[in-house]
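Working notes, structure below.
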Amino acid sequence: MLVAKTITFRIRRFDPETDSAPHWDSYAVNVFEGMTVLEALHQIKAEQEPSLAWRSSCRMGVCGSCGMFVNQFPQLACQTQVLHLEADIVSVEPLPNYPNVKDLVPDLQPLVEKHAEVKPYIIHPDLKEMREPSGEFLQTPAEREAFSQFTYCIKCGVCLAACPTAATDPAFLGPQALTQAYRYSADNRDSGVHSRRDSVGAFHGAYQCHMAGACSHACPKGVDPALAIQLLKRALVLDNFGFGKKESQSAKVAPLADVVKELEEFAPPPRTAE
Amino acid sequence: MRETRLWSLHILVIPIILVLLGAHFALMHYAPIFYALSVEKAREFSTMIARGKNIGQFVVYILLLAAGLYHGLYGTRGILRELPWSPALAKLIDLGILIFGIAIFALGVYVTWWTFNFELGG
Amino acid sequence: MTNNKPAVDNRRLGLRGWVYAGKYTFERYLYLGHRLSGLGLIAYMVLHILETANRMRGEQAWAELMAVFASPPFKVIEYLLFAAAVFHAMNGIRLMLVELGFFLGKPQEPVYPYKSSVLKHRPLTYLVMILAGLLMALGGSSLFFP
Ligand code: SF4
Ligand code: FES
């Protein structure tokens with residue numbers, strides 16, 4: 001493989017079982033074009049430091065495991081090409097604003113708990129209809145587009161590492177959870193923000209976002225959490241003044257028989273046996 | 001829910017503050033431009049009292065006091081409460097700011113009322 | 001294993017996270033400026049209420065106080081306050097609109113090269129900052145060169 005450059009990796013090391021404080025180690029890596037930070041870490045582990053710990057899996061920006069603080073910016077190690085950083089020294093730290101497990105492994109437990117807190121699932125206004133649907137839940141492309149962007153979140157936690165409020169407030173729900181609260185509230189099959197207002201409409205919820213914009217800038221999936229949170233605030237305010245209640249969706253649900261009939265009209269005539 | 005109301009109010013008072021504080025600035029600090037009145041003259045005791053005896057001015061000042069203090073103190077509370085306090089301390093901050101706000105508002109209202117009722121040359 | 005109690009490595013940035021806006025977009029500096037100017041303004045408003053309450057001590061006391069405020073150092077402080085108010089007001093107009101979901105564009109599929117809501121409302125950001133600059137210059141010229 002073509003060697004393009006030797007880059008020094010400064011990695012923040014910490015092992016809670018042996019270290020009393022974190023320290024920095026340096027490793028020289030021959031970086032070729034297209035090599036990612038994650039590949040460089042693998043190389044360091046294989047050739048120089050077998051005890052180096054981090055978390056990764058898919059190596060293609062899908063699993064959300066490898067969020068790290070690379071050169072003072074939170075990003076996915078597997079999607080960051082070393083040479084694109086345009087620096088001879090690359091510093092790698094675990095994501096800030098999370099407790100640290102070991103070396104480059106942040107403890108994402110708080111993220112998961114906050115995610116669960118906002119009820120990240122469809123809450124249909126008609127419980128009976130939700131349990132035993134009388135037909136399909138229909139959705140137009142426009143209705144889908146109202147939240148589609150926010151479904152791409154991979155729970156990597158990068159946004160909370162960028163967020164200034166999360167820097168001091170451990171109870172702040174954070175961009176990830178608030179975005180998911182909006183993703184479900186904006187879904188036409190859901191009863192809206194009303195059923196989530198206890199968490200997202202409380203002090204440590206949406207209003208502690210001040211539109212600093214860092215989460216949207218850093219999010220590796222283009223989820224744009226800042227957009228979702230501002231729309232969430234609007235929805236909360238409207239709901240509070242009585243404008244946000246959604247009409248029961250069950251009226252919009254087509255009876256199964258109608259759907260079958262419609263499909264039959266579109267379907268080609270059944271083939272008859274020879 | 002309660003926070004939604006508090007925050008909505010925080011946003012709702014912005015237009016009030018923009019208009020009234022703009023007028024206040026024009027009156028007190030840019031009097032030469034807007035009223036052909038020197039800043040010194042605008043700040044003279046007799047001018048101030050004369051202004052304060054106007055009922056419109058009286059109402060506007062009470063409104064600006066309330067809106068400005070609410071907006072500013074709600075913002076301050078938000079900033080303070082973003083620090084990791086214990087629940088008890090957080091409650092104490094909320095309460096402290098509320099009491100402080102009411103006290104300073106009461107003082108402002110009292111002074112405005114005093115001016116409104118002041119007899120010049122007495 | 002040298003000690004029984006494992007050491008903890010708290011990575012929460014704390015106040016540094018408020019202040020250091022690093023490689024993020026400059027809106028994070030506006031956030032910081034908004035915070036600082038807001039704190040300054042409310043502190044001044046409280047002082048201002050206390051200071052103008054001085055009128056109740058009579059014409060003499062009032063005149064003496066006003067004479068102090070007419071001195072050059074207070075002119076500079078007064079201008080700083082005016083500048084803070086202008087910044088906070090102009091940036092506040094942006095925040096008021098944006099935090100209610102206006103000017104941010106609609107949610108859309110993140111297909112490269114996509115623009116985040118921060119970039120989408122940049123024209124508004126530039127507009128309010130230019131307005132703030134103009135007002136500050138205007139206020140300064142009339143205050144210092146009447
Ligand atoms: S919103 Fe973006 S940055 Fe935040 S967890 Fe989801 S994918 Fe990661
Ligand atoms: S390894 Fe899966 S996102 Fe990077």
Side-chain angles (χ1 to χ4, degrees), chain B residues 7-8 10-15 17-18 21-22 24-25 28-34 38-40 42-46 48-49 52 61 64-65 68-80 82-84 97 100-101 103-115 118 120-121, chain C residues 10 12 14-15 17-18 31 34-67 69-70 75 78-79 81-82 85-86 88-90 92-100 135 138-139 141-143 145-146:
Chain B
W7 187 79
S8 306
H10 179 70
I11 300 295
L12 263 162
V13 295
I14 294 175
I17 299 176
L18 278 174
L21 197 64
H24 178 68
F25 262 127
M28 299 305 300
H29 304 258
Y30 297 97
I33 308 177
F34 292 99
S38 77
V39 171
E40 288 72 34
R43 291 178 188 184
E44 242 169 44
F45 193 74
S46 51
M48 172 186 73
I49 298 288
Y61 265 77
L64 181 56
L65 254 176
L69 278 176
Y70 178 77
H71 185 84
L73 290 178
Y74 178 82
T76 309
R77 163 191 174 251
I79 294 176
L80 284 178
E82 276 175 21
L83 298 168
I97 288 195
F100 178 76
I104 206 86
F105 178 66
L107 173 69
V109 170
Y110 178 69
V111 173
T112 317
W113 179 246
W114 180 89
T115 316
F118 190 83
L120 267 181
Chain C
N10 191 356
R12 203 166 285 285
L15 289 181
W18 290 6
Y31 150 88
H34 202 74
R35 216 149 241 231
L36 293 177
S37 59
L39 284 175
L41 288 169
I42 185 64
Y44 171 71
M45 185 176 180
V46 170
L47 284 178
H48 192 51
I49 292 169
L50 294 175
E51 160 239 315
T52 48
N54 223 309
R55 68 181 69 166
M56 294 193 294
R57 287 176 45 217
E59 184 158 4
Q60 188 61 31
W62 179 261
E64 276 165 21
L65 194 67
M66 287 304 115
F69 290 144
K75 284 250 163 197
E78 192 181 324
Y79 179 68
L81 276 164
F82 172 73
V86 165
H88 198 84
M90 292 301 123
I93 291 176
R94 170 182 77 95
L95 287 175
M96 175 179 68
L97 294 168
V98 161
E99 292 200 26
L100 288 172
L135 282 170
L138 219 77
S141 66
S142 74
L143 193 69
F145 315 103

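Below, chain A is the first sequence line, B the second, and so on; all start at residue 1. Computed from a predicted structure; not experimentally measured. The analysis underlying the following values was restricted to heavy atoms, covering all of them including side chains, and did not include hydrogens, waters or symmetry mates.
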Inset, instruction - Report, as yes or no, whether the 6.0 Å neighbourhood of atom CH2 on B:Trp114 holds more than 12 heavy atoms from other residues, nucleotides or ligands. - result: yes
Inset, instruction - Please determine, among C:Met66, C:Arg55, C:Glu99, C:Arg12, the option with the most heavy-atom pairs under 4.5 Å with chain B. - result: C:Arg55
Legend entry - Side chain, backbone, both or neither of C:Ala85 within contact of chain B (heavy atoms, under 4.5 Å): side chain
Legend entry - Under 4.5 Å from a heavy atom of chain C, the part of B:Leu64 involved: backbone
Legend entry - Rounded distance [0.5 Å steps], CE in C:Met45 versus CG in B:Leu65: 5.0 Å
Inset, instruction - Would you indicate whether C:Phe69, at its atom CZ, is surrounded by more than 12 heavy atoms from other residues, nucleotides or ligands within a distance under 6.0 Å? - result: yes
Legend entry - Heavy-atom closest contact (C:Trp18 atom, B:Ile79 atom, distance): CH2-O, 3.5 Å
Legend entry - Approximate separation, where rounding is to 0.5 Å, of C:Ile49 CD1 and B:Thr112 OG1: 8.5 Å
Legend entry - Atom pair CE/NE2 of C:Met96 and B:His10 - distance to nearest 0.5 Å: 11.0 Å
Legend entry - Shortest non-hydrogen separation from C:Trp62 to B:Met48 and the atoms involved: CZ2-SD, 3.2 Å
Legend entry - chain C contact via B:Leu18 - side chain, backbone, both or neither, heavy atoms under 4.5 Å: side chain
Inset, instruction - For the pair B:Phe25 and C:Val86, evaluate side-chain contact (heavy atoms from CB on, under 4.5 Å) and give the outcome as yes or no after the intermediate values. - result: CA-CA 11 Å; B:Phe25 262 127; C:Val86 165; over 6 Å; no
Legend entry - Per-residue contact mode, C:Leu15 against chain B (heavy atom under 4.5 angstrom): side chain
Inset, instruction - Side chain from CB out, backbone as N, CA, C, O: work out which of these in C:Leu41 comes under 4.5 Å of a heavy atom of chain B, or both, or neither. - result: neither
Inset, instruction - Report the C-alpha distance between C:Leu50 and B:Ile104 in whole Å, list the side-chain angles of each, state the deciding distance to 0.1 Å, and finish with yes or no for side-chain contact (heavy atoms from CB on, under 4.5 Å). - result: CA-CA 8 Å; C:Leu50 294 175; B:Ile104 206 86; 4.1 Å; yes
Legend entry - Heavy-atom proximity to chain B below 4.5 Å, by part of C:Ala63: neither
Inset, instruction - Can you tell which part of B:Ile17 gets under 4.5 Å to a heavy atom of chain C, answering side chain, backbone, both or neither? - result: neither
Legend entry - CD1 on C:Ile42 to CG on B:Leu73, rounded to 0.5 Å: 4.5 Å
